[in-house]
Each structure stands twice: as structure tokens, then as C-alpha cells.
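Below is one structure; the comments refer to it alone.
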Amino acid sequence: MANRIAAIDGGMSYHLNALSDKAWAGLIDERIYLPKLSQADLKKFDVVIVTCRSNPDLLEPCRDQFLDFLDAGGTVAAFSGTSPERWLPGVVAREIPTNYWWWLEEGADSGLRIGAPKHPVFAALTLREFTWHHHARFEPPAGATSLVNHVSGGSIFYEDRASCGGRLFVTSLDPFYHHGSFFMPTTSRFLAAFLPWIKHN
């Protein structure tokens with residue numbers, strides 16, 4: 001059975017554009033306008049996607065709401081620019097200078113490496129779909145699985161089933177922002193693969 005997905009709509013143009021894209025809009029069962037999140041019944045859903053750059057000042061007051069959802073067995077996928085350490089359990093973020101131009105360097109190497117190649121997500125995505133730039137690195141809590149690591153240390157995408165009763169994906173990637181701003185095709189490929197995967201996994 002397919003998962004019921006809610007996506008947080010922060011009300012910015014890139015949220016509207018990304019969530020309305022006909023390539024995957026049908027995978028999202030409901031869009032929750034962020035200022036009204038506190039009134040939403042998250043337990044109607046299996047997955048809640050917190051889109052890039054959703055205002056953490058509005059997410060933080062809903063911390064208990066997210067914790068209850070996770071402890072009931074739900075899945076949360078938190079994307080970049082949301083300060084997840086403020087409203088999710090076990091998140092330790094390390095801010096880094098973002099290198100937007102690494103791909104222009106001689107011998108260009110993003111520094112990203114797959115951390116758990118047998119994880120089911122890699123049946124749908126390859127390292128290529130995770131590779132543009134990232135805005136932080138995380139120290140996953142004990143028992144969590146880093147899916148994509150950086151060679152300098154830390155994770156840019158991890159799954160945590162240990163800090164809650166459900167499943168938590170945390171990443172410093174921002175695909176909704178870039179796709180909804182109409183640049184960086186890799187982010188479109190990421191969404192085109194990740195959203196169908198999380199719908200059915």
C-alpha cells in the first residue's frame with residue numbers, strides 16, 4: 001500500500017512551484033500551509049516532508065507535534081534550511097562554508113560518498129542524484145545510518161530509526177528550493193526519484 005504523504009508548503013514561490021510540478025504532485029496527498037501546521041492532524045499521514053527553507057521559527061513550536069507523529073511510527077523527511085536541530089530529536093548539525101563552485105575546480109570532487117550502499121533508497125537513486133552542494137554536515141546519533149557521507153567527516157543525508165518510534169530522514173540538501181527556482185537540474189532528478197521511492201517505501 002502506498003504511503004499517504006503530507007508536504008509542508010512554506011508559501012514561497014519555490015515551494016509552490018516545486019510542489020505543484022505535475023511530474024510528482026499526484027504523489028502528495030496534502031499540502032500543509034506552514035503557518036497552519038499547528039492545526040493539522042499529522043497522524044492522518046505516513047510521511048511528512050518538510051521542504052527546504054521552511055521557516056524554523058514556525059516549525060519549532062510544533063516540535064511536540066512532530067515527536068508524537070514520529071513516536072506513532074510516522075516518517076519525517078527534513079530538508080535543508082529548516083534548522084532541524086531545533087524541532088527534531090537527536091539532530092546535531094555542523095555549519096560549514098558552502099562551496100557552490102567545487103565542480104569548477106581541477107579534479108573536481110564533491111567529497112560525497114555513499115555510506116550505506118545496501119540501503120533500499122539506492123535502488124532508486126545513485127550518488128549522482130545527491131550531488132550538487134550542501135549547507136551543513138550532521139553527526140548522526142547512535143544507531144542512525146548515514147546514507148551519504150562527506151570525506152571530511154559528517155553526513156549530509158541520514159536515516160534515524162533509533163531516536164524515535166518512527167523513521168527520520170535528515171539532509172542538508174535543498175532540492176525543492178532549486179527545482180522550484182528553475183535551476184540546477186540535478187535537484188529535479190533527485191525529486192523525480194526520491195518522491196516516488198518514499199511514496200512506496
Self-check item: Distance-only polar pair, side chains of H179 and S188, donor-acceptor under 3.5 Å
Solution: yes
Exercise. Kindly say whether S80 contributes a backbone atom to a donor-acceptor pair with the side chain of D174 at under 3.5 angstrom?
Key: no
Quiz item: So, the side chain of E129 versus the backbone of T126: is there a donor-acceptor pair under 3.5 Å, distance only?
Solution: yes
Quiz item: Donor-acceptor pair, Q65 side chain versus A40 backbone, under 3.5 Å?
Solution: yes
Quiz item: side chain to side chain contact (heavy atoms under 4.5 Å, CB included) with T171: which residues, sequence neighbours excluded?
Solution: F79, F157, L173
Practice problem: Taking all heavy atoms of C164 and all of P89, pick out the closest pair and write down the distance. | Solution: CB-CG, 4.5 Å
Quiz item: Would you say the side-chain atoms of R128 and T131 include a donor-acceptor pair closer than 3.5 Å?
Solution: no
Self-check item: Pairs meeting criterion side-chain hydrogen bond (donor to acceptor under 3.5 Å, both in side chains) with involvement of residues 190-201, two or more places apart
Solution: D29-K199
Quiz item: D160 side chain to S163 main-chain N or O, any donor-acceptor pair under 3.5 Å?
Solution: yes
Quiz item: Below 4.0 angstrom, N of the basic side chain to O of the carboxylate: do R137 and E95 qualify?
Solution: no
Quiz item: Do Y177 and F190 sit in the same hydrophobic cluster, where Ile, Leu, Val, Met, Phe, Trp and Tyr count as joined when their side-chain heavy atoms come under 4.5 Å apart?
Solution: yes
Quiz item: Tell me the side-chain hydrogen bond (donor to acceptor under 3.5 Å, both in side chains) pairs involving residues 10-20, sequence neighbours left out?
Solution: H15-T51, S20-R31
